[in-house]
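Here the structure comes first, spelled out in C-alpha cells, and everything after it is commentary.
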There are 2 protein chains.
Amino acid sequence: MGFPTEILKKRMDFFKEQLRNSGVKLTHQRMEIFREVAMSEEHPDAEKIYRRVRKRLPSISLDTVYRTLWSLLDLGLISTLGPPRKTVRFDANMDSHHHYVCTKCGMTRDFYSKKLDRLRIRESESILETVQRTQVEVKGICVRCSRKMQLKNRFSREEK
Amino acid sequence: MGFPTEILKKRMDFFKEQLRNSGVKLTHQRMEIFREVAMSEEHPDAEKIYRRVRKRLPSISLDTVYRTLWSLLDLGLISTLGPPRKTVRFDANMDSHHHYVCTKCGMTRDFYSKKLDRLRIRESESILETVQRTQVEVKGICVRCSRKMQLKNRFSREEK
DNA sequence: TTTGGTGCAAACCGTTTGCATCGCT
DNA sequence: AGCGATGCAAACGGTTTGCACCAAA
C-alpha cells in the first residue's frame, strides 16, 4: 500500500498556495503536520499526528500540533469529524432519523425522511462486519451562528 | 411547545421494561436522567442533563449522571452523537465523500458514491442558514471490534 | 440482609494558555 | 530587526475511578 502520490501532491500544493494567500507562514512544522493528515487514511487525532511528526521533527511539541490543526481548520484545509464538541452528546431517539448539524456550534436537530431511510449502501467492503444504521448528516451553519458571524464581520469592517 | 406526551410515554415504558429485563435496578436517578434525555430535542451533554435533573433531585451527582448514561448506552436505550470519541479527529479529504463508522471504537473510513453525492435534502426548515455539505454515515461494528466481542462472549460463557 | 447504586473527592487525560525564546522574511 | 511561530510548563475542564455509605429487592 502507500498513499497515492498524485493526490498527496495535489493537497500539498493547495496547502502551500492557501498559506501564501492568507499570509500564514509556511514552516517545517506546519508542513509536516499537514502532510501527516493529508496522507492518512484513518482520520487521526492530535496525539497520533504528534507521535508521527515527531519522528521527523523530534523537538516539536504537542501544542504546536493543536495550534496548527486549528489554523488549518480556519483556513478550510482540513475538517473535523462530526460536530465540533468537547462533550459527548446523547440521543434517546432510537427511531430512524437524520441530523442537521451546525459545524460552528455543534447544534444538532433531528429530521425524518422515509426516502432517506430507504437508502441502501453497497456492501461495506468488509470494513464493517454488521451495519446498524445509515444516517444522513446535513452540515451547515445554523441561523444563530450565521447572525453572529455577520455581526462580527460588520465590526471588523468598521475597525479599519 | 412541549414534548409530545405519547412519544415520551412510549419511551419511558420501553425504558422500564428494558431495565426489568436486564436486571438493572430502577432508581429515581435513572428514571429522571432517562426522562431528561428522552424529552429533549437538542441532544444535551452530561452537564446539561445534570443541571436539569438536579432541579428535581438536588442531591444527585454528576458522576451518577455519567454512569447512568453509559449504562443506558450499553442497554441500547440511547445513543451518542457521532463516533464515540474523547479526542477530536481530523480529515484532510475535502472532496465530497462519506463515512463508514464503527460505533464501538470510532474507526472511520471514507468511501465515495456519485449517487449519494447527488442527494438533495428538502429545505432545511430554517434551522440551517446555509448548507455546506451532505454526508452519509454508515454506522456499524467493524471487523476488529466484532472479533473482540465474540472472544469476550466466549469467555463469559465459559465462566459460568 | 445483601448487593448493586450513589455521592464525594481525587485522579486522569485531552486540550488550551501565558510567556519567554526562536528564527523566518 | 521585527514579529509571528514555537516550546515549555502550568492551567483548565470534561470524564473516570476508588471508596465508604445508602437503599431497594
Side-chain angles (χ1 to χ4, degrees), chain A residues 15-16 18-37 43-75 77-78 80-90 105-106, chain B residues 15-34 36-37 43-75 77-78 80-90 105-106:
Chain A
F15 160 75
K16 289 174 195 169
Q18 287 295 94
L19 287 211
R20 226 172 286 126
N21 292 346
S22 57
V24 174
K25 283 184 188 172
L26 174 54
T27 62
H28 292 278
Q29 288 92 332
R30 283 173 180 166
M31 185 111 148
E32 295 302 328
I33 289 167
F34 180 76
R35 192 207 308 285
E36 211 49 63
V37 185
H43 308 305
D45 58 21
E47 184 75 32
K48 192 160 269 175
I49 296 165
Y50 170 59
R51 281 202 301 272
R52 289 182 189 160
V53 169
R54 203 160 45 156
K55 289 179 188 166
R56 307 193 214 174
L57 301 177
S59 75
I60 200 171
S61 70
L62 180 58
D63 45 280
T64 298
V65 173
Y66 275 107
R67 275 188 284 229
T68 301
L69 289 169
W70 299 135
S71 317
L72 295 176
L73 188 67
D74 285 344
L75 292 171
L77 286 161
I78 61 175
T80 55
L81 257 54
R85 57 163 150 340
K86 34 182 64 180
T87 58
V88 181
R89 295 170 56 182
F90 301 88
C105 69
Chain B
F15 159 75
K16 289 173 195 169
E17 191 194 326
Q18 287 295 95
L19 287 210
R20 227 173 284 126
N21 292 346
S22 57
V24 174
K25 283 184 189 169
L26 176 54
T27 62
H28 292 278
Q29 288 91 332
R30 284 175 180 162
M31 184 111 148
E32 295 303 330
I33 289 167
F34 180 77
E36 210 49 63
V37 185
H43 308 305
D45 58 20
E47 184 75 30
K48 191 161 270 176
I49 296 165
Y50 170 58
R51 280 201 301 270
R52 289 183 190 160
V53 169
R54 202 158 49 155
K55 289 178 187 166
R56 305 194 215 172
L57 300 177
S59 74
I60 201 171
S61 70
L62 181 55
D63 45 279
T64 297
V65 174
Y66 275 107
R67 277 187 284 229
T68 301
L69 290 168
W70 299 135
S71 320
L72 295 176
L73 188 67
D74 287 344
L75 292 172
L77 285 162
I78 60 173
T80 56
L81 257 54
R85 57 164 150 339
K86 36 182 60 174
T87 58
V88 181
R89 295 171 55 184
F90 300 89
C105 69

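The chains referred to below are lettered A, B, ... by the order of the sequence lines, with proteins before strands, and numbering in each begins at 1.
A:R35 has a carboxylate O that lies under 4.0 Å from a charged side-chain N of A:E32, or vice versa, which qualifies the two as a salt bridge. Between A:R56 and A:E36 there is a salt bridge, since at least one side-chain N of the basic residue sits less than 4.0 Å from a carboxylate O of the acidic one.
Checking the phosphate oxygens (OP1, OP2) of C:dG7, a side-chain nitrogen or oxygen of B:Q29 falls inside 4.0 Å. OP1 or OP2 of D:dG7 sits under 4.0 Å from a side-chain N or O of A:T64. For A:T27 and D:dT6, the shortest distance from a side-chain N or O to OP1 or OP2 is below 4.0 Å.
A donor-acceptor pair under 3.5 Å is formed between the side chain of A:S22 and the backbone N or O of A:Q18. For A:R89 (side chain) and B:P44 (main-chain N/O), no donor-acceptor pair under 3.5 Å exists by modelled atom type.
The nearest heavy atom of DNA chain D to B:D45 and to B:H28 marks one nucleotide each, and the one closer to the 5' end goes with B:D45. In terms of position on DNA chain D, the residue among B:L26 and B:A46 whose nearest nucleotide sits closer to the 5' end is B:A46.
Listed in residue order, the members of residues 54-63 of chain A having a heavy atom less than 4.0 Å from DNA chain D are A:S59, A:I60, A:S61, A:D63.
No option in A:R54, A:K48, A:R52 other than A:R54 meets the side chain to side chain contact (heavy atoms under 4.5 Å, CB included) test with A:Y50.
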Carefully, step by step, assess A:F34 and A:L19 under the rule side chain to side chain contact (heavy atoms under 4.5 Å, CB included).
-> CA-CA 11 Å; A:F34 180 76; A:L19 287 211; over 6 Å; no
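When the P atom of D:dG7 is taken as reference, atom CD of A:E32 falls 12 Å away, rounded to whole Å. Look at CG on A:L69: it is 10 Å from P on C:dT16, rounded to the nearest Å. To the nearest angstrom, P of D:dA5 lies 12 Å from CG of A:L72. If you measure from atom CG of B:L19 to atom P of D:dA25, you get 11 Å, rounded to the nearest angstrom. What separates CZ of B:R20 from C1' of D:dA24 is a distance of 15 Å, to the nearest Å. In this structure, CZ of A:R51 is placed 13 Å from C1' of C:dG14, rounded to the nearest angstrom.
Counting any heavy atom pair closer than 4.0 Å across all strands shown, B:E47 reaches no nucleic acid atom. Among the atoms of the strands shown, only primed sugar atoms or phosphate atoms (P, OP1, OP2) are found under 4.0 Å from some heavy atom of A:R30.
The side chain of A:W70 lies closest to C:dT16, out of C:dT16, D:dG14, C:dT6. Counting only heavy atoms from C-beta on, A:T68 has its side chain closest to D:dT6 among D:dT6, C:dG4, C:dG7.
For a distance-only test at 3.5 Å, the side chain of B:R67 qualifies as a donor-acceptor partner of the base of C:dG7.
Interatomic distance, A:F90 CZ to B:T68 OG1, rounded to the nearest 0.5 Å: 10.5 Å.
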